[in-house]
Amino acid sequence: MPSAAHASPSSGASAPLPPGFRVPPAVQVARLMADPLGFYEAGRRRFGPIFTLRYPGLPPEVCVATPELAEEVFATDGGPGRAGEMRRAFIGPLVGEESLLCLDGEPWWRHRRLVSPPLHGRAVAAWADRIAAIAAAEAGRWPVGVAMPLRPAMERITLEVIMRVVFGIEDARRLGALRVLLPRLMRLAGSAALVRIPPNARERALASPLLLRAGALPTTRYVRARDEVDAILYDEIARRRADPDAAAGAPDVLSQLVAARDEDGEPLTGREIRDELMTLLAAGHETTATSLAWTFERLVRTPHAMDALVTELTSGATSARGETSYLEAVVKEGLRARPVVLGAPRLLDDTAKIGGYEIPAGWYLSASIPLVLSDPEAFPSPERFRPERFIAGASSPEAVARANRAWIPFGGGRRYCAGAQLALLEMRVVLAEVLRRVTLTAARPEDEKRRLKNVTLVPGRSGLVIARPRSDGASG
Ligand code: HEM
């Protein structure tokens with residue numbers, strides 16, 4: 001929590017830049033890897049709501065911890081903040097140069113305008129029944145009465161959603177091939193061999209015909225998996241182009257992207273569409289699955305919330321228009337209490353004024369999502385899982401408004417998550433389908449630790465639960 005004793009920059013000229021740990025960058029990165037949350041929280045405790053972290057080989061990162069400062073970070077999207085350039089180094093090889101994640105400026109805006117409509121709330125609502133069927137089929141296969149990890153189960157659901165809703169693939173053989181290829185591609189893309197080597201060496205390994213003959217190299221296995229996936233995606237693109245009328249009327253995101261035209265009447269190129277499909281896979285598959293696993297992890301340890309949710313789901317009670325249902329509040333609180341994304345960073349191409357400091361060009365500026373979502377002024381007793389904090393009537397209107405303003409699991413500014421509406425729909429539908437069918441209990445009583453996997457925070461035991469059919473009378 002910001003300490004009152006923390007010197008503000010205007011209180012003395014001795015602190016021109018936000019304070020930070022004195023230990024070497026290598027030690028800072030080791031502490032981050034060992035205990036990501038603990039490290040950020042130590043920064044907040046020691047230095048207050050804005051502080052500097054240093055990692056080897058990277059520009060310094062100024063990190064902010066309050067909703068107000070986070071808004072200032074997001075406001076740099078209209079100025080010096082470059083979210084795309086920052087992400088390109090990490091995720092560029094998987095999603096490609098033409099990805100919404102990696103672009104900035106006018107090219108980014110052109111893509112954002114074309115990718116957003118098929119992911120709009122009303123457009124994705126049409127998929128609710130399909131998502132429910134996918135979730136019901138998955139839950140129907142779960143073992144009864146034995147410990148099972150929820151995160152892989154949720155990943156199977158969200159992968160199926162991406163393949164059908166986003167890629168629009170119906171052919172059973174193609175679906176079967178992608179069920180194997182896509183997880184392999186994601187695993188290899190996140191492997192140390194691709195993420196931790198310097199970008200130049202990586203580019204060489206990915207393009208060298210000689211190295212690509214060595215089948216055992218992770219870079220070679222990655223290129224082979226990527227090429228197989230690309231062949232399927234390019235073929236799906238070609239099929240839709242061959243029948244534009246059918247594509248224009250089809251609801252899947254790929255068909256909509258093929259039919260889309262920019263302000264000059266130009267379509268996206270095949271490469272641009274392929275990169276956006278990989279972007280939606282990379283950004284939307286594991287994040288949504290992990291958020292679901294965490295929400296279940298919290299629910300099985302919070303009996304009052306589980307009971308209230310199951311009562312709402314099984315009684316068929318629906319909330320009045322405009323009212324927040326308990327299900328919606330559970331989803332919001334799951335994303336608040338256990339956010340999966342560590343931060344929303346921007347690379348500055350000019351000086352930015354934040355919290356009274358002047359952050360130099362070339363530095364990273366980042367809203368720490370977990371720190372903002374545990375800010376005790378916006379979220380009293382932040383360690384408690386309490387969906388009621390989002391429900392008017394259970395909390396004062398001012399408290400609900402404050403919580404909603406500070407709720408940033410999907411980031412903010414112009415780079416706000418493009419798939420938030422799909423993610424929220426998936427979470428509501430999957431929670432409802434699963435809990436109407438089975439009761440879940442924690443396989444172990446203690447809270448699961450937060451572990452860093454690439455840039456996401458995952459449950460240490462993958463959300464270990466025991467499932468039983470609801471009809472057998474076991475309690476949730
Ligand atoms: C619960 C699940 C999800 C979480 C927590 C999440 C979170 C985020 C966050 C924090 C950002 C960065 C925002 C910023 O920098 O301010 C982001 C960006 C993005 N997300 Fe999500 N996301 C989720 C699901 C999805 C889904 C399902 C999709 C699409 C299928 C998606 C597509 C994207 C895209 C394309 C961007 C880049 C937007 C841009 O730079 O313009 N996300 N997401």
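The structure presented is a predicted model; accordingly, all values stated were derived computationally and were not measured. Just so you know, ligand 1 is whichever comes first in the structure, and atom 1 is the first atom listed for that ligand. Numbering starts at 1 and runs along the sequence shown.
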Asks: Step by step, work out the side chain to side chain contact (heavy atoms under 4.5 Å, CB included) result for F296 and L431.
Replies: CA-CA 8 Å; F296 282 118; L431 280 164; 3.5 Å; yes

Asks: List ligand 1 atoms under 4.0 Å from G412, heavy atoms only on the residue side.
Replies: 16 (O)

Asks: Please state whether R87 comes within less than 4.0 angstrom of ligand 1, counting heavy atoms only.
Replies: yes

Asks: Is E98 salt-bridged to R271, cutoff N-O under 4.0 Å?
Replies: no

Asks: Heavy-atom contacts with L280 under 4.0 Å: which atoms of ligand 1 show up? List them by number with element.
Replies: 29 (C), 30 (C)

Asks: So, 4.0 Å and heavy atoms of L119: is ligand 1 close enough to count as a contact?
Replies: no

Asks: Give a yes or no on whether E106 atom CD has more than 12 heavy-atom contacts from other residues, nucleotides or ligands under 6.0 Å away.
Replies: yes

Asks: Under 2.8 Å from atom 21 (Fe) of ligand 1, which protein N/O/S atoms are there?
Replies: C417 SG

Asks: At a 4.0 Å threshold, what atoms of ligand 1 neighbour a non-hydrogen atom of T288?
Replies: 1 (C), 2 (C), 24 (C), 27 (C)

Asks: From atom 37 (C) of ligand 1, work out which of V253, L101, L281 has a heavy atom at the shortest distance.
Replies: L101

Asks: Please report the interatomic distance CD1(I91) to OG(S99), rounded to the nearest 0.5 Å.
Replies: 7.0 Å

Asks: Below a 4.0 angstrom heavy-atom separation, can you tell me which part of R346, side chain or backbone, both or neither, approaches ligand 1?
Replies: side chain

Asks: Roughly how far, to the nearest 0.5 Å, is the NZ atom of K449 from the CZ atom of R461?
Replies: 8.0 Å

Asks: Taking only heavy atoms of R112, which atoms of ligand 1 are found under 4.0 Å from at least one of them?
Replies: 38 (C), 39 (C), 41 (O)

Asks: Which of the numbered atoms in ligand 1 are below 4.0 angstrom from a heavy atom of L100?
Replies: 35 (C), 40 (O), 41 (O)

Asks: CZ of R87 to CG of D104: how many Å apart, nearest 0.5 Å?
Replies: 8.5 Å

Asks: What is the minimum heavy-atom distance between F167 and L254, and which atoms define it?
Replies: O-CD2, 3.5 Å

Asks: May I ask whether G413 has any heavy atom positioned less than 4.0 angstrom from an atom of ligand 1?
Replies: no

Asks: What heavy-atom pair brings P459 and T290 nearest, and what distance separates the two atoms?
Replies: CD-CG2, 3.9 Å

Asks: Which of the numbered atoms in ligand 1 are under 4.0 angstrom from any heavy atom belonging to W108?
Replies: 39 (C), 40 (O), 41 (O)

Asks: May I ask you to check whether over 12 heavy atoms, not counting those of R122, lie within 6.0 Å of atom CZ?
Replies: no

Asks: Is A83 near ligand 1, meaning one of its heavy atoms is under 4.0 Å from it?
Replies: no

Asks: With a cut-off of 4.0 Å, which atoms of ligand 1 are near a heavy atom of P409?
Replies: 5 (C), 7 (C), 10 (C)

Asks: What protein heavy atom sits nearest atom 1 (C) of ligand 1, and how far away is it?
Replies: S291 OG, 3.2 Å

Asks: As a test of understanding, state which of H285, E138, R179 forms a side chain to side chain contact (heavy atoms under 4.5 Å, CB included) with E160.
Replies: R179

Asks: What is the distance from atom CZ of F379 to atom CZ of F390, rounded to the nearest 0.5 Å?
Replies: 5.0 Å

Asks: Does any pair with a residue in residues 55-70 pass salt bridge (charged side-chain N to carboxylate O under 4.0 Å, His left out), and if so which ones, sequence neighbours excluded?
Replies: E68-R402

Asks: Do other residues, nucleotides or ligands put more than 12 heavy atoms under 6.0 Å from the CZ atom of R241?
Replies: yes

Asks: Are I369 and ligand 1 in contact, using a heavy-atom cut-off of under 4.0 Å?
Replies: yes

Asks: For the pair E448 and R151, find out whether any cationic side-chain nitrogen is under 4.0 Å from an anionic carboxylate oxygen.
Replies: no

Asks: Heavy-atom distances under 4.0 Å decide this one: backbone, side chain, both or neither, for H285 against ligand 1?
Replies: neither

Asks: Looking only at protein heavy atoms, which one is nearest to atom 13 (C) of ligand 1, and what is the separation?
Replies: R415 O, 3.2 Å

Asks: For ligand 1, which atoms sit closer than 4.0 Å to a heavy atom of A344?
Replies: 14 (C), 15 (O), 16 (O)

Asks: Using the ring of each side chain (for Trp, its six-membered ring), is W407 parallel, tilted or perpendicular to F410, with breaks at 30° and 60°?
Replies: perpendicular

Asks: Determine whether the side chain, the backbone, both or neither of L335 has a heavy atom under 4.0 Å from any heavy atom of ligand 1.
Replies: side chain

